[in-house]
Amino acid sequence: MRLDYPDSKERPMEGEGGEGGAKELVLVSVAYDGPQRKAVLKFFDPSAQKIVLVPDYTGHEPYCLTDLPPEEVLKIGGIVNHPGFSKVETVKKHDPLADRDVLMTVVFAKDPLSIGGRPSGCIRDLLPRAWEANIRYELNYIYDTGLQPGSAYEVGAGSPPSRKVFSPPAELLDRMREKLRGKDAEYVEAVKSWIELLSQPIPEVKMAALDIEVLSSSRTRIPDPSEADEAVASAAILGTDGRSRFLLLNRPGMEPEEFFVEKNGSKIEPEYFEDEAGLLGAIFEELERYPFLVTFNGDNFDLVYLHNRAKRLGMRAEETPITLGRDYADLKEGIHIDLYKFLFNRSVQIYAFNNAYKEVTLDAVGEALLGLGKVKGVKPIPEMSYREIAEYCLRDAEITLGLATMYDKLLLKLVIMLTRISRMPVEEVVRHSVSAWIRSLFIYDHRARGYLVPRPEDIQSLKGGTVTRAIIKGKKYLGAIVLEPVSGVHFNVVVMDFASLYPSVIMTNNLSYETVRCPHQECRSNRILSSPHWVCTKRRGITSLVIGSLRDLRVNLYSPMSKNPSLPENERKLYDVVQRALKVFLNASYGVMGAEAFSFYCPPLAESVTMLGRQILSDLIDEAKRLGITVVYGDTDSVFLKNPRPEKIELLKEWAVKRYGIDLTVDKNYRYVVFSQRKKNYVGVLEDGSADVKGLVGKKSSTPNFVKNAFFDLLRILGEVKDEEGFERAKIEIKDLASEAVRKLKSGEYKLEDLAFNVMMSRSTEAYTKTTPQHVKVAKQLETGGAELRAGDIISYVKVKGKEGVKPVQTSSHKDIDVEKYMDIIKSTFGQVLDALGIELEEEGKAKKLSDFM
DNA sequence: GCGGACTGCTTACCT
DNA sequence: ACAGGTAAGCAGTCCGCG
């Protein structure tokens with residue numbers, strides 16, 4: 001559906017026309033309509049479960065800025081004669097780097113590609129200096145119009161969309177009112193508008209999951225979607241509305257079978273198509289029923305294949321509902337979410353899903369998050385019966401739909417929340433990672449204040465480099481402090497940590513690219529600790545303000561509210577999604593400042609953050625010692641306190657707020673902690689007997705399963721220990737555990753898969769030029785055998801006797817196994833815990849070599 | 001020709 | 001295309017060794 005409005009000049013005032021069916025819709029995206037040369041707003045209509053397209057009604061044009069006066073711009077022949085050139089205007093902006101107002105020239109164009117994006121002859125390349133010329137047009141449009149993606153709008157036939165203003169729940173406002181007392185007006189306004197935006201309800205969304213199969217004879221090779229030279233065999237489309245379809249190509253020489261597969265709450269029967277064009281047409285028609293479509297790798301496979309296959313069969317591009325980008329595929333009307341891209345995103349993986357999955361394949365993610373993997377042990381599609389294809393294809397769609405709907409549609413809600421915070425369209429959020437989200441949020445804020453967005457090269461040349469030296473070779477500056485742990489067993493250990501230390505440091509020290517080493521002479525004496533860097537005393541830093549308000553919202557509002565038992569469950573769940581989304585931004589906010597690719601990259605800022613972090617942690621340690629508390633370990637923002645008196649903990653909390661204005665909280669209470677001499681390695685047993693394991697080889701994903709299982713048994717034994725005496729019993733049990741593992745190893749009782757190391761190959765085999773690690777050696781063996789391997793694949797191999805030393809698990813047998821090597825693994829894995837417990841495995845004289853146990 | 005000391009590469013982890 | 005710090009194992013190199 002498409003709604004058109006009269007041009008901006010004659011458009012009715014808000015609230016005037018528009019009666020006669022104004023509806024409450026949610027803005028989900030902004031796209032660019034090439035032929036119309038216009039931005040198009042994509043709204044979602046929850047009551048009709050449809051996408052409504054609204055072309056631009058403001059007359060907005062693409063542009064970039066330059067410091068050349070208009071008359072000078074008009075002297076550049078390449079620009080005035082450029083077919084896409086429109087006009088020039090002047091605009092006043094505030095230059096944050098120089099802290100002064102500047103007059104800029106706006107160069108308008110008829111289409112975004114004329115500004116930039118073509119290989120040559122773009123307006124931005126013809127100007128000696130251009131600003132804001134590398135921002136995608138759709139985003140520019142959002143920033144200039146102040147649209148809020150993810151928000152509700154009143155959309156009617158007569159008047160342009162107007163944002164619906166919500167009143168947030170009273171508890172939220174009450175809670176924040178206290179926290180905001182004494183803050184400046186600018187800050188209060190910022191926080192209030194965030195609450196208004198983030199607390200809006202999320203509409204119910206109808207979605208479909210799509211998976212297709214292709215008649216490709218190779219089991220190891222994925223068909224090339226840009227060629228699309230083999231027929232589409234089937235498509236499974238499962239909807240959240242319970243509608244389920246399985247569409248199948250009937251091939252010559254194969255009789256249609258009658259059967260059904262139970263999935264998605266119904267018995268799904270195959271629908272046979274005699275010709276492939278008919279099949280594709282039916283798939284497209286089905287997709288158009290849904291406002292949202294989820295796929296797993298649809299950006300690079302399913303949708304691209306369907307689109308190109310349709311073209312190959314004689315359909316025109318306009319006849320498919322799909323438009324292709326360079327490495328993505330959009331739906332013309334609906335919203336496509338490629339779960340592979342989103343789940344591959346490191347921030348999503350770590351902070352939103354707590355590292356629950358390691359490998360991003362449909363099988364691995366499905367197993368990890370849903371307990372449902374792909375159908376195993378399959379033949380190539382052409383050799384399968386129709387029923388087998390159905391089982392296989394429908395399972396993939398089932399997993400995809402499951403991922404999109406699990407935990408009460410957490411994934412989609414998270415996408416919408418990230419959309420709201422980043423100010424990006426839903427599709428852009430899914431395709432980009434956290435640095436693009438933060439960039440978008442920052443640029444939105446610059447536009448709203450009339451700030452010129454600085455050029456990255458200007459930030460760098462003005463702010464210069466770093467003054468500290470990193471410990472790790474090749475890094476740019478010094479990072480955090482990690483204390484040497486006091487090895488041994490410590491009972492009653494309290495772990496305290498600072499709430500969001502780095503974002504808090506950024507907030508409380510007014511750190512921002514324009515305030516660190518600001519241009520004012522009089523600020524130069526305001527040094528950051530004993531460094532040569534200084535920070536501005538005259539202006540509020542823009543990133544400090546943005547990150548600070550997000551931090552306050554998470555720490556003071558959404559985290560506590562998500563755990564508030566007096567609230568209804570659905571409200572708590574919404575707040576939990578908000579606090580997770582905020583966490584993603586906060587956790588990356590410091591890191592991006594030190595990332596060269598980030599548009600606001602500022603090394604002195606990143607360095608100042610860790611510098612202040614180090615100072616704060618070492619002051620905390622000093623203060624704890626002054627209070628007579630023994631600190632047994634600490635890392636970056638945490639301290640492990642041995643048996644502290646409760647009143648001392650309170651004193652530390654008070655100290656942190658008074659001295660640094662940063663909240664220090666109790667994170668964990670361990671019944672006991674076991675430290676070896678290694679940093680970032682320990683086992684902590686909580687009051688309930690469950691164990692936290694950090695860093696140890698026994699929990700690494702690459703460690704063979706038989707070692708991991710034995711290690712978990714070890715942890716279970718440790719969990720039983722209540723006091724010092726308990727350890728004596730535990731030590732004996734652990735020794736027995738180790739000898740039993742060795743016995744089973746020697747007698748060949750472990751399955752080969754349990755002996756396998758599982759190591760991720762982070763690039764393709766030929767990209768390893770300096771050394772050939774063991775997993776790459778194995779990968780090359782597999783490739784010789786015909787396998788196609790890609791970066792990101794997990795290689796499973798066993799250690800064998802002989803020159804090569806390693807072999808793929810699939811082609812090995814027990815007699816090849818190098819038992820001695822595996823003994824070493826057991827020894828070192830257990831050794832990490834045992835040496836801290838005073839069980840010496842290799843002490844001379846006492847003759848307690850591990851082999852002596854067996 | 002081989003082994004030990006060393007450095008560098010690679011992966012997986014912690015905050 | 002968020003950061004730096006740490007552990008572990010192996011690959012590769014150098015050097016001594018009559």
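Throughout, a chain's letter reflects where its sequence line sits, starting with A, and its residues are numbered from 1.
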For residues A:Gln677 and A:Ser487, is any side-chain donor paired with an opposing acceptor at under 3.5 Å? no
What contact category does A:Thr610 fall into here, base, sugar-phosphate, or nothing, at under 4.0 angstrom with non-hydrogen atoms? nothing
Is A:Phe344 atom CZ crowded by more than 12 heavy atoms from other residues, nucleotides or ligands, each under 6.0 Å away? no
Rounded to the Å, how far apart are A:Lys777 NZ and C:dC10 P? 10 Å
To the nearest angstrom, the CG-C1' distance between A:Asp793 and B:dT11 comes to 16 Å
Roughly how many Å is it from NZ in A:Lys694 to C1' in B:dT15, rounded to a whole number? 10 Å
Expected list for residues 418-443 of chain A near DNA chain C, using heavy atoms below 4.0 Å, is A:Ser433, A:Ser435
Roughly, in whole Å, what's the span from CD1 in A:Ile795 to P in B:dT10? 15 Å
When you measure from the side chain of A:Lys473, which nucleotide among C:dC2, B:dG8, C:dG4 comes out closest? B:dG8
Side-chain N,O (A:Lys583) to OP1/OP2 (C:dC2) below 4.0 Å: no
With a 4.0 Å cut-off on N to O distance, would you call A:Asp458 and A:Arg455 a salt bridge? yes
Rounded to whole Å, the CZ-P distance (A:Phe600 to C:dA1) equals 17 Å
Testing the 3.5 Å rule here: is there a donor-acceptor pair between the side chains of A:His446 and A:Glu132? no
With a cut-off of less than 4.0 Å, is there a side-chain N or O of A:Lys799 near OP1 or OP2 of C:dC10? yes
Report the nucleotide, chosen from B:dC13, B:dT11, C:dT6, that has the shortest atom-to-atom distance to any side-chain atom of A:Ser701. B:dC13
How is A:Ala606 classified with respect to the nucleic acid when contacts are heavy atoms under 4.0 Å: base, sugar-phosphate, or nothing? nothing
For A:Asp497, which contact category applies under a 4.0 Å heavy-atom criterion: base, sugar-phosphate, or nothing? nothing
Which part of the nucleic acid, if any, lies within reach of A:Tyr502 when heavy atoms closer than 4.0 Å are counted: base, sugar-phosphate only, or nothing? nothing
Under 4.0 Å between a side-chain nitrogen and a carboxylate oxygen: does that hold for A:Arg431 and A:Glu428? yes
Can you tell me how far C1' of B:dC13 sits from OH of A:Tyr682, to the nearest Å? 12 Å
Nearest heavy atom decides the nucleotide; on that basis, is A:Phe598 or A:Val482 closer to the 5' end of DNA chain C? A:Phe598
Taking only side-chain N and O atoms of A:Lys680, does any of them lie within less than 4.0 angstrom of OP1 or OP2 on C:dT6? no
Between A:Asp299 and A:Lys341, does any NZ, NE, NH1 or NH2 come within less than 4.0 Å of an OD or OE carboxylate oxygen? yes
Which of the following nucleotides, C:dA11, C:dG5, C:dA8, is nearest to the side chain of A:Val697? C:dA8
For A:Gly591, which contact category applies under a 4.0 Å heavy-atom criterion: base, sugar-phosphate, or nothing? base
For C:dG9 and A:Ser828 - does any side-chain N or O of the residue sit under 4.0 Å from the phosphate oxygens OP1/OP2? yes
Checking all strands, does A:Ile472 fall into the base, sugar-phosphate, or nothing category for heavy-atom contacts under 4.0 angstrom? base
Taking the six-membered ring for Trp and the single ring otherwise, decide whether the centroids of A:Tyr682 and A:His490 are under 6.0 Å apart. no
Using a cut-off of strictly less than 4.0 Å, decide whether A:His775 has a side-chain nitrogen or oxygen near OP1 or OP2 of B:dT11. yes
Return no unless some side-chain N or O of A:Arg614 is found under 4.0 Å from OP1 or OP2 of C:dG4. no
Can a side chain N or O of A:Gln832 be found less than 4.0 Å away from OP1 or OP2 on C:dA8? yes
Base, sugar-phosphate alone, or nothing: which one does A:Lys700 contact when heavy atoms must sit under 4.0 Å apart? base
Of the listed nucleotides B:dC13, C:dA11, B:dT10, the one nearest the side chain of A:Arg763: B:dT10
Hey, is the main chain of A:Pro425 close enough, under 3.5 Å, to the side chain of A:Thr419 for a donor-acceptor pair? no
Between C:dG5 (P) and A:Leu617 (CG): distance, integer Å: 14 Å
Side chain of A:Asp635 (C-beta onward), nearest among C:dG5, B:dC14, B:dT10: B:dC14
In whole angstrom, what separates A:Tyr633's OH from B:dC14's P? 10 Å
Identify whether any heavy atom of A:Ser762 sits under 4.0 Å from a base atom; if not, whether one sits that close to sugar-phosphate; answer base, sugar-phosphate or nothing. sugar-phosphate
Those residues at least two apart in sequence (or on a different chain) that pass side-chain contact (heavy atoms from CB on, under 4.5 Å) with A:Lys463 are A:Leu97, A:Ile459, A:Arg517, A:Cys602, A:Pro604
Give the nucleotide from the list B:dT15, C:dG4, B:dC9 with an atom nearest to the side chain of A:Lys770. B:dC9
For A:Met593, answer base if it contacts any base atom (sugar-phosphate contacts may also be present), sugar-phosphate if it contacts only those atoms, and nothing otherwise; contact means non-hydrogen atoms under 4.0 Å. nothing
Taking only the side-chain heavy atoms of A:Val759 (C-beta and beyond), determine which of C:dG5, B:dT11, B:dC14 contains the nearest atom. B:dT11
Verify the contact: side-chain N or O of A:Thr636 to OP1 or OP2 of B:dC14, cut-off strictly under 4.0 Å; return yes or no. no
Any carboxylate oxygen within less than 4.0 angstrom of a Lys/Arg side-chain nitrogen, looking at A:Asp635 and A:Lys680? yes
